[in-house]
Amino acid sequence: MNEYLRCGRFRLALDRPLVMGIVNITPDSFSDGGRFLDPGAAIAHARELIDEGADILDLGAESTRPGAQPVSAAEEIGRLAPVLDALRDAPLPVSVDTMKPEVMRAALDRGAAMINDVGALAAPGALDAVAASGCGVCLMHMQGEPRTMQAAPHYDDVVGEVKAFLAARVEACERAGIERERIVIDPGFGFGKTVEHNFALLRGLPQLAQLGLPLLAGWSRKSSLGKITGREPQQRLAASLAAALLALQRGARILRVHDVRETRDVIAVWQAAEKR
Ligand code: HH2
């Protein structure tokens with residue numbers, strides 16, 4: 001694996017796990033919808049996550065929760081723009097969680113250093129939008145699309161299929177001129193997956209790590225954790241931290257989370273145990 005991840009003007013060392021803090025500028029995200037739709041609230045939350053020790057911020061302006069309704073590119077850009085402008089000189093890379101090439105280009109023009117695409121740059125023009133800049137990119141696996149993905153997810157071999165998909169998308173990136181040192185891969189916990197699929201993928205992280213790229217894990221407050229604990233999204237912190245630790249132990253190198261400070265403590269314990 002590369003020793004660092006290149007995200008625009010940033011180079012993030014990969015010798016210790018990184019925390020990606022989530023800022024959802026949406027009315028309908030599954031765990032914090034509406035809390036940060038106002039730009040001032042989103043900017044304040046972003047600054048709080050930086051103070052808590054985030055290594056990357058991930059701004060999302062369209063919810064991808066199961067059943068979410070799509071948002072237009074103009075609406076997404078309108079939500080992102082004031083927050084990106086306020087974070088232009090932030091001391092860390094700002095990522096934008098979007099599937100739309102138009103939004104990617106607008107975000108990169110406004111200083112975003114990374115694109116996080118739950119569609120793995122499959123939309124026409126997405127590979128080119130990312131290739132044209134020096135930004136980092138997260139390629140995530142999803143079966144289906146958010147509106148319907150949890151209806152009846154099916155795999156014969158979930159780990160093998162997700163691994164083959166990610167390998168193919170990495171190859172497509174490289175063909176388009178996106179260097180490996182800019183790429184992160186993510187199995188997409190909760191995206192067209194049952195509870196069993198998600199835990200099979202958690203156990204299978206070492207196989208995905210064989211692709212030789214940094215692995216991102218996004219378990220924070222997800223519904224599989226709700227199903228096994230019986231808790232609502234706001235009460236899933238302990239379960240999220242347990243999942244984060246299990247993901248670290250199996251090779252995840254970037255944790256995408258709502259609760260940055262608490263996740264940093266998990267990493268500190270893991271590092272002490274691993275002597276890293
Ligand atoms: N999960 C969510 C959104 N984006 N991106 C990556 N790479 N990996 C993930 O696991 C992932 C993601 C869903 O979480 P959240 O942003 O909190 O919710 P919503 O999509 O409802 O805004």
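Every number for a ligand or one of its atoms is a count from 1 in the order of the listing.
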Ranked by distance from atom 21 (O) of ligand 1, the top protein heavy atom is Ser63 OG, 2.7 Å
Give yes or no for whether the N/O distance cutoff of 3.5 Å, strictly under, is met between Asp97 and ligand 1. yes
Can you tell me which residue and heavy atom of the protein come closest to atom 2 (C) of ligand 1, and the distance to 0.1 Å? Arg256 NH1, 3.4 Å
Does the side chain of His141 come under 3.5 Å of the side chain of Lys163 through a donor N or O and an acceptor N or O? no
Just checking Gln234: does its CD atom have more than 12 heavy atoms from other residues, nucleotides or ligands closer to it than 6.0 angstrom? yes
Looking at Ser29, which atoms of ligand 1 are within less than 4.0 Å of one of its heavy atoms? 19 (P), 21 (O), 22 (O)
Quick test of your reading of the structure: of Asp186, Asp117, Val23, whose heavy atom lies closest to atom 7 (N) of ligand 1? Asp186
Linking I/L/V/M/F/W/Y whenever their side-chain heavy atoms sit closer than 4.5 Å, directly or via other members, would Leu59 and Met20 fall into one cluster? no
Is ligand 1 under 4.0 Å from a heavy atom in the side chain of Arg221, in the backbone, in both, or in neither? neither
Please work out whether any backbone atom (N, CA, C, O) or any side-chain heavy atom from C-beta onward of Thr64 is under 4.0 Å from ligand 1, and answer side chain, backbone, both or neither. both
May I ask whether Ile22 and Leu248 are part of the same hydrophobic cluster, defined by side-chain heavy atoms of I, L, V, M, F, W, Y residues being less than 4.5 angstrom apart, directly or through others? no
His154 vs Asp156 side-chain heavy atoms within contact, under 4.5 Å: yes
Spacing of Leu57 atom CG and Leu92 atom CG [to the nearest 0.5 Å]: 4.5 Å
Would Cys138 count as a contact of ligand 1 if the rule is a heavy atom under 4.0 Å away? yes
Does this structure show an ion pair linking Arg264 with Asp55, if we count only N-O contacts that are shorter than 4.0 Å? yes
Proximity flag Trp219 to ligand 1, non-hydrogen atoms under 4.0 Å: no
Any chance you could measure Gln271, atom CD, to Arg16, atom CZ, to the nearest 0.5 Å? 7.0 Å
Any chance you could pull the hydrophobic cluster mates of Met149, using side-chain heavy atoms under 4.5 angstrom and chaining through other members? Met99, Val118, Met140, Met142, Phe191
Determine whether the side chain, the backbone, both or neither of Asp58 has a heavy atom under 4.0 Å from any heavy atom of ligand 1. neither
At a non-hydrogen distance cut-off of under 4.0 Å, which region of Arg65 contacts ligand 1 (side chain, backbone, both, or neither)? both
Check whether any heavy atom of His258 sits under 4.0 Å from an atom of ligand 1. yes
Excluding Phe36, membership of its hydrophobic cluster (Ile, Leu, Val, Met, Phe, Trp, Tyr; side-chain heavy atoms within less than 4.5 Å) reads none
Could you tell me which atoms of ligand 1, counted from 1 in the order shown, lie closer than 4.0 angstrom to a heavy atom of Lys222? 1 (N), 9 (C), 10 (O), 11 (C), 13 (C)
Atoms of ligand 1 under 4.0 Å from any heavy atom of Val118, numbered from 1 in the order shown, are 4 (N), 5 (N), 12 (C)
For ligand 1, is there an atom lying under 4.0 Å from some heavy atom of Thr26? no
Closest protein heavy atom (residue, atom, distance) for atom 5 (N) of ligand 1: Asn116 ND2, 3.1 Å
